[in-house]
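As the structure is a prediction and not an experimental result, all values here were calculated from the model.
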Amino acid sequence: MSGGDLPLPLPWLGVVGEVPSLDGPALAQTPATVVIAKDLVAPATALAPPVTAPTARSATGVVERVRGWWREKRKPHKRPGSGIPARKIIVALRNSRRVSQFAFLFLFLFLLVRTEFRGSFSGGATVRMPYPVEGFLLADPFVALMTFLSSHAVYRSLWWSVGMVALTLVFGRVFCGWICPFGTLHHFFAWLFPNPKSGTGGARRVRANMTHPYQNVKYYLLGAFLVAAVCGSAIGGLFDPICICVRAIGLAVLPAISYVTGRGLDQVSQTNIHLFQQGSDVTRDALVATVLQPKQYFFHQTWVIGGLLFAVLLANRWIPRFWCRALCPLGATLGLIARNALFGMEKDHSKCTDCNLCLVDCQGADSPQGGVKWKQDECHMCLNCETACPEDVIKFRFLPNRRSATLAQDGMDRRKVLVAAATGAAVLPLARASDTLDSNYYDRLIRPPGSVPERDFMERCIRCAECMKVCPNNALHPALLESGIEGLWTPILIPRIGYCEPTCVLCGQVCPTGAIQKITEEQKLGNPVRHVEPIKIGTAFYDHGRCLPWSMATPCIVCEEFCPTSPKSIWVEEIDVPDRNGHMVHVQRPHVDPQLCIGCGACEKVCPVQDRPAVYVTSVGESRSRTNVILLETSNYNRS
């Protein structure tokens, strides 16, 4: 029978011939002529698609794929529900907010990296910071309010914060959503490490972004810190977000990055491969000139500060914007100011379908969904809710109808407010009842030059660590308990790590609150012609049992050689002493003139006795105190 006499093929098979069993062995594929519909004859091989040899991925193909992805990304997707598109102005503002966040974060990091001195103090040139590196702190309303209540004065530069208050009165908490570098870090880490159980739009994420009672904690903290400020302590700086950023990134993150980078480049340099060594040197020079510090810095107890930053950022995995919502006293301050802002939200509750899309990316947990009142003082003005709403329920505008708005503080427990205030009032007396401030002053509590008296210092120091970051000799460090619990993370000088450069006044220049006064080089060094006394931060003493010329008949005058005062406050006594064999050894025994010593710590820094130096500096004799004295003729012991 010829092929033309065969019946037509089955419609679902498309070929003529015996139908193979579905579970039987596959028939051997042999080149044969088959008849398809409409009696068209074609080789079997023509039915299969052409097979081409694999080729290398070309750059053109990659570019085309990227272009295809971008076209798909820009293609308008159908919005759920009614699909009403968001207003273009709001979408543009939302995108502007994202740009603003990264721009201000970059500006903050730039100023923080530039909070250091990269030159030399030789030649007598006046050294000042080229940028207002403390600018973010100067614009902090919480810092201004706290220092005003504690010191009853506003440091002149803190008037910058008035502009932030005005901005908040008009637009609400835009600082939290658009400017704050710490808030941007929380936003970024919440996006980078989301809770794996919440997905991108699941119910867990929606519940996490609803308003919760724990958001009132920041208002209780604010009340406690302000009451403590009224009692005379700026301890609230421990929780200020800008202070946390400067302190944690400047003292922990950047030195850690510098350490890892330096060790890595050292390993590359030890390969003895010229190309690698040259690349390592070029990379190191470029990083030191732009980002890294000229030398490795080490800070006292900084692992605690870095660990707390890591823990706070990690909390965003479970609670987005954890710090901003629950603990930030600056956010609470701005929330109180923003309660009557001119720009706000209106809702049309009748249009809401309870899709909860507005909650998926809400940053402030301010109840943007329909059917509930909007928490105006919790809103970060991220504008994500209006851009996500497909039902035209939410609209941001000037002078909105406030019937749909409420305040987070309305749900606060008055008893808890009173407890918070009482706690702030009680902590200070308890802290100062210890013996660290008045009766048993810690001898190694050496403050930076230009510091105000200790009680005034506690009223003004916000623990921002700007002075520690800018110190060129790595001499200033965060205190742990050297000045009691109240002085936690305030600056102290540790001479064994670094000494105070005699002609440096940078710590006072970057201090935003006046805890360290802005002094000149002449005020620090003194001027006998003008009868200006030098500023003293302490006095050096000798441990004769550890000093080599005094106890071991070993010549050594390192401390005298490095003493920077003129005339030198360390003078030597020429004497011949016997060694154990009876041979006479000529040594120069060092002595300190307390009238000339300024307590810079250079002698302690260079002492060759490594574990515990033979010469050490204490705070006695400091210029800022009228009682912590060493010379009896200048003492105030008998004065009322």
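Taking the six-membered ring where tryptophan is involved, the planes of Phe299 and Tyr297 are tilted, since the angle between them lies from 30° to 60°. Using the six-membered ring where Trp is involved, Phe110 and Phe106 have ring planes that are parallel, under 30° apart on the 30 and 60° scheme.
Looking only at distances, a side-chain donor or acceptor of Thr513 sits under 3.5 Å from a matching main-chain atom of Arg460. Side-chain N or O atoms of Asp140 include one that pairs as donor or acceptor with a backbone N or O of Phe142 at under 3.5 Å. Checking side-chain atoms of Arg114 against main-chain N and O of Met129 turns up no donor-acceptor pair under 3.5 Å. Remark: the backbone N or O of Arg207 is paired with a side-chain donor or acceptor of His212 at under 3.5 angstrom. Listed for the Gln296 side chain is a donor-acceptor partner under 3.5 Å among the backbone atoms of Pro255. A donor-acceptor pair under 3.5 Å is absent between the side-chain atoms of Thr302 and the main chain of Phe298, judged by distance alone. Although no hydrogens or angles enter the test, the distance criterion places no donor-acceptor pair under 3.5 Å between the side chain of His349 and the main chain of Gly370. At distances below 3.5 Å, not a single donor-acceptor pair connects side-chain atoms of Asn356 with backbone N or O atoms of Leu359. Using modelled atom types, no side-chain atom of His300 and backbone atom of Pro478 make a donor-acceptor pair closer than 3.5 Å. Using modelled atom types, no side-chain atom of Lys375 and backbone atom of Ala365 make a donor-acceptor pair closer than 3.5 Å.
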Verdict with supporting geometry, Cys176 and Leu334, side-chain contact (heavy atoms from CB on, under 4.5 Å): CA-CA 8 Å; Cys176 303; Leu334 296 175; 3.9 Å; yes
Arg325 vs Asn209, side chain to side chain donor-acceptor pair (under 3.5 Å): CA-CA, chis, key distance, verdict: CA-CA 10 Å; Arg325 296 181 184 181; Asn209 288 334; 2.8 Å; yes
Residues Arg339, Gln376; criterion side-chain contact (heavy atoms from CB on, under 4.5 Å); working and verdict: CA-CA 6 Å; Arg339 59 191 307 170; Gln376 182 172 1; 5.6 Å; no
side-chain contact (heavy atoms from CB on, under 4.5 Å) evaluation trace for Leu105 with Phe188: CA-CA 11 Å; Leu105 178 61; Phe188 175 73; over 6 Å; no
Stepwise side chain to side chain donor-acceptor pair (under 3.5 Å) test for Ser280 and Ser269: CA-CA 6 Å; Ser280 174; Ser269 298; 3.0 Å; yes
Step-by-step side chain to side chain donor-acceptor pair (under 3.5 Å) determination, Gln293 to Ser258: CA-CA 7 Å; Gln293 294 166 318; Ser258 178; 5.3 Å; no
Derivation and outcome, side-chain contact (heavy atoms from CB on, under 4.5 Å), residues Leu399 and Leu342: CA-CA 5 Å; Leu399 302 177; Leu342 300 181; 4.0 Å; yes
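A pairwise comparison of heavy atoms in Phe171 and Phe343 identifies CA-CB, 3.9 Å as the closest pair. Shortest non-hydrogen contact noted between Ser483 and Gly487 is OG-CA, 3.1 Å. The minimum heavy-atom distance between Cys382 and Arg97, with the atom names listed, is O-NH2, 3.1 Å. What you find for Pro491 and Pro448 is that their closest heavy atoms are O-CD, 3.9 Å. Between Arg247 and Arg463, the shortest heavy-atom distance links the atoms NH1-O, 2.6 Å. When all heavy atoms of Ile394 and Pro368 are compared, the closest pair comes out as CD1-O, 3.4 Å.
Sequence neighbours left out, the pairs with a member in residues 213-229 that pass salt bridge (charged side-chain N to carboxylate O under 4.0 Å, His left out) are Lys218-Glu378.
A salt bridge does not link Asp348 with Lys395: every distance from a Lys NZ or Arg NE/NH1/NH2 to an Asp or Glu carboxylate oxygen is 4.0 Å or more. Salt bridge annotation for Glu346-Arg397: present, with a cationic side-chain nitrogen under 4.0 angstrom from a carboxylate oxygen.
Contact annotation: the side chain of Ile242 never approaches that of Phe182 to less than 4.5 Å [non-hydrogen atoms, C-beta and beyond]. Looking only at side-chain heavy atoms (C-beta outward), Ile244 and Asp240 stay at 4.5 Å or farther from each other. Side-chain contact between Val470 and Val133: absent, with no pair of heavy atoms (C-beta onward) separated by less than 4.5 Å. With a 4.5 Å cut-off on side-chain heavy atoms, Thr168 and Leu336 do not count as touching. Looking at Val304 and Trp489, their side chains come closer than 4.5 Å, going by heavy atoms from C-beta outward. The shortest distance between side-chain heavy atoms of Cys245 and Phe108 falls below 4.5 Å. Looking only at side-chain heavy atoms (C-beta outward), Glu134 and Val246 stay at 4.5 Å or farther from each other. Between Phe239 and Leu330 the shortest side-chain heavy-atom distance does not fall below 4.5 Å.
Gln363 contributes atom CD, which lies 3.5 Å from atom NE2 of His187 (distance to the nearest 0.5 angstrom). Taking SG of Cys507 as the start and NZ of Lys469 as the end, the distance is 14.5 Å to the nearest 0.5 Å.
For an aromatic pair to be called close, the ring centres must be under 6.0 Å apart, and Trp318 with Phe193 fails this.
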Can you give the donor-acceptor pairs under 3.5 Å from side chains of residues 282-289 to other protein atoms, not counting sequence neighbours?
{"from": "Thr283", "atom 1": "OG1", "to": "Gly279", "atom 2": "O", "distance (Å)": "2.8"}
{"from": "Arg284", "atom 1": "NH2", "to": "Asp266", "atom 2": "OD1", "distance (Å)": "2.7"}

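Not counting sequence neighbours, the partners of Gln301 by the side-chain hydrogen bond (donor to acceptor under 3.5 Å, both in side chains) test are Trp303.
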